[in-house]
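One structure is given below, encoded as structure tokens.
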There are 2 protein chains.
Amino acid sequence: MCSVTVGVGRSSGGSAPGRTRGAYDGDVSEQATGVTAVVEPPLSRAARKERTRQALLDAGLRLAADHTLAAVSLRHIAREVGIVPTAFYRHFDSVEQLGLELVDASFASLRAMIREVRAGEPEVNTIVRNSVEVLVEHVHAQRAHFHFIARERFGGVPAVREAIGHQLQLFERELATDLARLPTMDTWSSEDLRVLANLIVHAMVATVEQLLAAPANRPDLEQEIMRTARRQLQMIIVGAASWGNPR
Amino acid sequence: MCSVTVGVGRSSGGSAPGRTRGAYDGDVSEQATGVTAVVEPPLSRAARKERTRQALLDAGLRLAADHTLAAVSLRHIAREVGIVPTAFYRHFDSVEQLGLELVDASFASLRAMIREVRAGEPEVNTIVRNSVEVLVEHVHAQRAHFHFIARERFGGVPAVREAIGHQLQLFERELATDLARLPTMDTWSSEDLRVLANLIVHAMVATVEQLLAAPANRPDLEQEIMRTARRQLQMIIVGAASWGNPR
DNA sequence: GAGTTCAGTGAACATCTGTACACCCCAGCG
DNA sequence: CGCTGGGGTGTACAGATGTTCACTGAACTC
């Protein structure tokens, strides 16, 4: 009987929590098969806990991509990470709570994105070009996060749904104040700014959803989606400008 | 032991399949409690089958509203309808197949809607006003269907997801040919028409989603959403027109 | 170096799931 | 009239699920 075995995460994160006894493979206990011991750097207890916690979040994100969070079981996540189901409770009260944390993480990467756009020069055509480019770039880099938000936005877990809705609303408001700073719109009513921001946000959401739906091995499709998104933004902005401010 | 008992659907549809023996209440068999026999009109076998089938579809739609279709079990649906789980297979191979049928049903009501809009006169302001009004009206009348589409559009059942995506694409194409018939757009390239139709469809989808998210007892919120939707449509159309046709 | 903390284990539970199987009984057919 | 097709029933099973409980042993604290 080996004394130290190391659970290995199924994929990407590769983060495996420290294991001390046997391997867990379902309720039926089995002897741990002989496992090549991997030497790990001695980590502090807190660090190891954080590592497992992250592994759980990663696993949740990965599994939610396949089945919807509502259909992902606590046991499934635990199995994926390589810990016993009951150990899950050391980190989260429920899958739902884990989901809420995923919402936060996902929107954090989104905020990073908007900051990047905001940093550019305030010329309309550049903004359009930049925005779409940055968006696509971030969808690539944070595909899982965007995917999670898109799916759970109307998914089966009410608390998660509401959290996402709230974040999107914040987003919309921020965009509205950004728009107010543009030269052509400084005289607009806040109402009109809100309406415009709402339209833009939803057009971008739709673009993200189309990007996510496009198979990864079709760069032509992606180019097409980008072109469409640019034109739509142009239509919206040009329209808003020439329509002026009728109230 | 009573000879004829009648299962009663839990809610709306009220459609109950004919029952001949005992009541089913889980795997543990129980004697059917004395039930007041409800006199039913003698239906043909085919009619009774259709009735049960409809009851299953209704139950599926209702349950999917609470939990996402992927999280709804065959047993749950059967229980809701008042039949034994195994009887489900007499009507559908799986919950997924039932879901695909729900997609068809939902889009049928959507098509009815678009037909109504198309019937109106082709004047821009009237179109905008009409479209939004008809949309809201139909969301009220077919709330469950719209809800189903919104949720399952990115839900956990791949086949259902794809079916919905396909239907939306058809929609977009139809809208594009409609737009081509408008006086201001008869010279547009089909590419631009497609882009514009895409934008409009997604704006409307977003509107529906906002309507569905709004609590039913807040008519003021609904009015606000309608106003926003109208303005957005105006912005889009005005923008498209004044932007002209740069390619 | 002794004592405490706590992330992880493993067994047990009640309950739920999809599906196979044999049966039953009535409408609808000849 | 009797036969039969098929919507319905019950039973059964193997597997999955959330949660409880008592436990262990290495990392921390003093």
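Just so it is clear: chains get the letters A, B, ... in the order the sequence lines come, proteins before strands, and each one is counted from 1.
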Between [atom2] of [N] and [atom1] of [X], the distance in whole Å:
X: Ile83(B); N: dG6(D); atom1: CD1; atom2: C1'; value: 14 Å
X: Asp93(B); N: dG18(C); atom1: CG; atom2: C1'; value: 13 Å
X: Leu43(A); N: dA26(D); atom1: CG; atom2: P; value: 16 Å
X: Phe88(B); N: dT9(D); atom1: CZ; atom2: P; value: 14 Å
X: Lys49(B); N: dG8(D); atom1: NZ; atom2: P; value: 8 Å
X: Phe92(A); N: dG8(C); atom1: CZ; atom2: P; value: 11 Å
X: Gln97(A); N: dT19(D); atom1: CD; atom2: P; value: 12 Å
X: Arg75(B); N: dG15(D); atom1: CZ; atom2: P; value: 16 Å

Practice task
Could you check whether Ser94(B) gets within reach of a base, just the sugar-phosphate, or nothing at all, counting any heavy atom under 4.0 Å?
Solution key: nothing
Problem - Given dT20(D), dT17(C), dG28(C), the nucleotide with the shortest approach to the side chain of Ser73(B) - result: dT17(C)
Spell out yes or no: do the side chain of [X] and the base of [N] have one donor N/O and one acceptor N/O closer than 3.5 Å?
X: Arg90(B); N: dG8(D); answer: yes
X: Arg48(B); N: dG7(D); answer: no
X: Arg45(B); N: dG7(D); answer: no
X: Thr86(B); N: dG10(D); answer: yes

Practice task
On the 0 to 90° scale, with breaks at 30° and 60°, tag the Phe171(B)-Phe107(B) ring pair as parallel, tilted or perpendicular.
Solution key: perpendicular
Exercise for the section: Please state whether the phosphate of dG8(C), meaning OP1 or OP2, lies under 4.0 angstrom from any side-chain nitrogen or oxygen of Thr52(A). Expected result: yes
Problem - Any Arg79(B) side-chain N or O less than 4.0 Å from OP1/OP2 of dT17(C) - result: yes
Completion exercise
When Val95(A) and Ala87(B) are each assigned the nearest nucleotide of DNA chain D, the 5'-most assignment goes to Ala87(B)
Completion exercise
When Leu110(A), Val103(A), Val205(A) are each screened for side chain to side chain contact (heavy atoms under 4.5 Å, CB included) with Ile149(A), the one that passes is Leu110(A)
Exercise for the section: Taking only Lys NZ, Arg NE, NH1 and NH2, and the carboxylate oxygens of Asp or Glu, determine whether Arg111(A) and Glu174(A) approach each other closer than 4.0 Å. Expected result: yes
Handout entry: Value rounded to 0.5 Å, distance of CG in Leu102(A) from CD in Gln97(A)
Key = 11.5 Å
Practice task
Using heavy atoms to find the nearest nucleotide of DNA chain C for Ala46(B) and His76(B) separately, return the residue whose nucleotide is more 5′.
Solution key: His76(B)
Practice task
Start with the C-alpha gap between His140(B) and Glu222(B), add the side-chain angles, then the distance that decides, and say whether side chain to side chain donor-acceptor pair (under 3.5 Å) holds.
Solution key: CA-CA 11 Å; His140(B) 274 144; Glu222(B) 186 170 304; 3.0 Å; yes
